Amino acid sequence: MKALVLSGGSGTRLRPFSYSMPKQLIPIANKPVLEHVLTAIRDIGVTDIGIVVGNQLRAISGALGDGSALDVRITYIQQAEPLGLAHCVAIARDFLGDDDFVMYLGDNMLPEGVAAIAAEFRARRPVAQVVVHKVPDPQAFGVAEVGRDGSVLRLVEKPALPRSDLALIGVYFFTPVIHEAVAAIAPSARGELEITDAIQWLVARGERVRASEYSGYWKDTGRVEDVLDCNRELLRTLTHSVAADVDEASEITGPVVVESGARVVRSRIEGPAIIGAGTLVEDSHVGPHTSVGNDCVLRGTRLDDSIVLDGASLSRVRGLYGSVIGRSAAIATVPPPEAGPDTGITLGTRMASSRHRLVVGDHTRIEVAA
C-alpha cells in the first residue's frame with residue numbers, strides 16, 4: 001500500500017501565517033501538522049508516500065526532505081492549479097501505479113490514528129473505504145449516507161438538507177479501481193474534479209464502497225482557533241521530560257517538556273507545556289497548554305494557552321492567552337515612544353496589565369506602550 005498526502009491549498013483562513021508558510025507546516029506541540037500526518041501514515045505500515053504540493057514545494061520539501069528522518073520515503077508531486085482532490089489522484093497516477101493507497105488531507109489531525117480502519121480495509125478490501133465522523137453541522141461537509149452493514153449508499157457534497165450526520169473527514173482508502181472512476185467524472189460546478197463524485201460513480205456502478213466511523217478527536221487545522229484547540233489536545237498526552245538547564249529559582253509543575261539546549265531562569269512553567277531547544281525562559285510564567293518553539297526568548301513575560309513559533313521573542317509582555325506568535329516575531333513592552341517616525345505597531349497602555357490575544361505573523365514587531 002502507498003499513501004497520497006494532499007498539501008496544496010492557499011490556507012486563506014490561516015492568514016497571516018499562510019502568507020509566509022504553508023498551512024500544513026504550522027506547528028502543533030512543536031511539530032508541523034504534516035509531520036503528525038506522516039507519522040500517522042507510517043503507523044499503519046505505509047512508508048512510500050507521495051505528497052501533492054502547489055506553489056510551496058520548496059518550503060515543504062525543505063521541512064521534510066526525503067522523509068528519511070521519519071523512516072518514510074517521500075515523492076513530491078506538483079499540482080500547478082488546485083483542481084480538486086480527484087485531480088490529485090489523476091496527476092499521481094504514475095506514482096500510485098496499481099497499488100492500493102490511502103489518501104490523507106495534509107491539514108487533518110486524527111491523533112488516535114486509523115490503524116483499526118486500515119486493518120479493516122486490508123481484510124475486506126472493498127474498492128473504496130471512506131472515513132467518517134459524526135458532526136453537528138453536516139451541511140459544511142461531504143456527507144455519507146450509510147447502510148446498516150457499513151456500505152455507502154450515497155455521497156452528497158455540502159447538502160442543503162443532510163440525510164446523515166456522518167461527514168467525510170479527509171482520509172480515504174482506495175484500490176486501483178478509483179482511477180477508472182476519476183477518469184469517468186467531469187469537473188463540478190466550481191471547476192474541480194471532486195473525489196465525492198468519483199466515489200459516488202463507484203457506488204452507482206454497484207461497486208463495494210464502505211464507510212468506517214472514526215470516533216476519536218478530529219480537527220481540520222484550517223483556522224487559528226482549530227490549531228490552538230488541537231495544540232491543547234496533543235499537549236494533554238505529554239510525558240514529563242526536562243533535558244535542559246533549569247535553575248534552582250525556577251519551578252516546573254505538571255507534564256512539561258523542556259528540550260535540550262533550552263534554559264529556564266527564575267521562571268515558573270505549568271504543564272502541559274513544551275519549551276523547544278535553544279529557547280531562553282527568564283523571569284517568566286508559562287501557563288498550561290502552551291507550546292514555545294526553538295530558539296525563542298521569553299523575558300519578564302506571562303502567557304498561557306498559546307503557540308510561539310521558532311525564533312520569536314517576547315519581552316515584558318504579560319497576560320497573553322489564546323495567542324499565536326509567528327516565526328522571528330518580536331513583541332515588547334517599551335516606554336512611551338518619543339516623537340518621531342513609527343518603527344513598529346504600538347498597542348494601548350492597558351495591554352501590559354490585562355489579558356489579551358494576539359495573532360501575529362512571521363517577522364512582525366509589536367511594541368506595547370508601558
Side-chain angles (χ1 to χ4, degrees), residues 1-6 37 40-41 43-44 46 49-50 52 84-90 92 96 99-159 162-185 188 192-220 222:
M1 184 185 292
K2 292 178 178 175
L4 187 66
V5 176
L6 311 187
V37 167
I41 292 170
D43 288 347
I44 63 172
V46 178
I49 302 174
V52 177
L85 304 190
H87 181 257
C88 294
V89 175
L96 295 168
D99 292 308
D100 294 351
F101 66 99
V102 57
M103 187 168 81
Y104 209 118
L105 299 191
D107 53 4
N108 262 12
M109 291 290 293
L110 293 79
E112 295 172 33
V114 292
I117 296 173
E120 180 186 343
F121 171 75
R122 287 176 168 125
R124 293 176 176 265
R125 206 164 177 269
V127 297
Q129 184 161 326
V130 299
V131 180
V132 297
H133 185 78
K134 287 186 177 180
V135 296
D137 54 344
Q139 289 176 309
F141 299 90
V143 172
E145 297 174 19
V146 181
R148 292 185 178 181
D149 63 350
S151 61
V152 173
L153 306 176
R154 185 170 176 242
L155 294 178
V156 183
E157 187 68 30
K158 297 181 175 63
R163 296 173 62 179
S164 165
D165 61 355
L166 295 175
L168 304 175
I169 59 172
V171 181
Y172 311 81
F173 292 86
F174 295 119
T175 65
V177 180
I178 190 63
H179 298 298
E180 186 178 353
V182 168
I185 63 172
S188 65
E192 297 187 1
L193 290 177
E194 310 285 357
I195 199 65
T196 49
D197 289 347
I199 301 171
Q200 181 60 39
W201 186 90
L202 294 172
V203 172
R205 200 172 77 161
E207 300 285 0
R208 197 156 58 102
V209 177
R210 294 185 55 80
S212 295
E213 185 176 348
Y214 173 84
S215 56
Y217 178 90
W218 163 68
K219 190 66 69 174
D220 168 1

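What you see is a predicted model; the values in this text were computed from it and never measured.
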Spatial distance of atom CZ (F174) from atom CD1 (I195) [nearest 0.5 Å]: 4.0 Å
Output the distance between atom CD (E180) and atom OG1 (T175), rounded to the nearest 0.5 Å. 10.0 Å
Point-to-point distance, once rounded to the nearest 0.5 Å, from OH of Y104 to CD1 of I41: 6.5 Å
Carefully, step by step, assess V46 and F101 under the rule side-chain contact (heavy atoms from CB on, under 4.5 Å). CA-CA 9 Å; V46 178; F101 66 99; over 6 Å; no
Compare all side-chain heavy atoms of D107 with those of D220 and state whether any distance is below 4.5 angstrom. yes
Say you draw a straight line from CG of D197 to CG of L85; how long is it, rounded to the nearest 0.5 Å? 10.5 Å
Is there a side-chain contact between V182 and W201 (heavy atoms, below 4.5 Å)? no
For residues 117-129, run the donor-acceptor check on the side chains, cut-off 3.5 Å, and write out each pair with its distance to 0.1 Å, sequence neighbours left out.
{"unit_1": "E120", "atom_1": "OE1", "unit_2": "S212", "atom_2": "OG", "d": "3.1"}
{"unit_1": "E120", "atom_1": "OE2", "unit_2": "S212", "atom_2": "OG", "d": "3.3"}
{"unit_1": "R122", "atom_1": "NH1", "unit_2": "I44", "atom_2": "O", "d": "3.0"}
{"unit_1": "R122", "atom_1": "NH2", "unit_2": "I44", "atom_2": "O", "d": "3.0"}
{"unit_1": "R125", "atom_1": "NE", "unit_2": "D100", "atom_2": "OD2", "d": "2.9"}
{"unit_1": "R125", "atom_1": "NH2", "unit_2": "D100", "atom_2": "OD1", "d": "2.9"}
{"unit_1": "Q129", "atom_1": "NE2", "unit_2": "S212", "atom_2": "OG", "d": "2.7"}

If you draw a 6.0 Å radius around CZ in R163, do more than 12 non-hydrogen atoms from other residues or ligands fall strictly inside? no
Non-hydrogen atoms of A144 and S164 that approach each other most closely: O-OG, 2.7 Å
Mind listing the closest non-hydrogen atom pair of G106 and V37 along with its distance? O-CG2, 3.9 Å
Residue set satisfying salt bridge (charged side-chain N to carboxylate O under 4.0 Å, His left out) with D99, at least two apart, ordered chain then number -> K2
CD-NZ distance between Q139 and K158, expressed to the nearest 0.5 angstrom: 11.5 Å
Walk me through whether M103 and L6 qualify under side-chain contact (heavy atoms from CB on, under 4.5 Å). CA-CA 8 Å; M103 187 168 81; L6 311 187; 3.9 Å; yes
Indicate yes or no: at least one non-hydrogen side-chain atom of V152 is less than 4.5 angstrom from one of E145. no
Would you say the side-chain atoms of H133 pair up with the backbone N or O of Y214, donor to acceptor, closer than 3.5 Å? yes
Heavy atoms of C88 and L4 approach each other most closely as O-CD2, 4.0 Å
Verify side-chain contact (heavy atoms from CB on, under 4.5 Å) between V209 and I199, making sure each step is shown before the conclusion. CA-CA 8 Å; V209 177; I199 301 171; 3.8 Å; yes
When rounded to the nearest 0.5 angstrom, what distance separates CG in L96 from CE in M1? 12.0 Å
Do the non-hydrogen side-chain atoms of E194 and L155 ever get within less than 4.5 Å of each other? no
Determine, step by step, whether L168 and V132 satisfy the side-chain contact (heavy atoms from CB on, under 4.5 Å) criterion, reporting the C-alpha distance in whole Å, the side-chain angles of both residues, the deciding distance to 0.1 Å, and the verdict. CA-CA 5 Å; L168 304 175; V132 297; 3.9 Å; yes
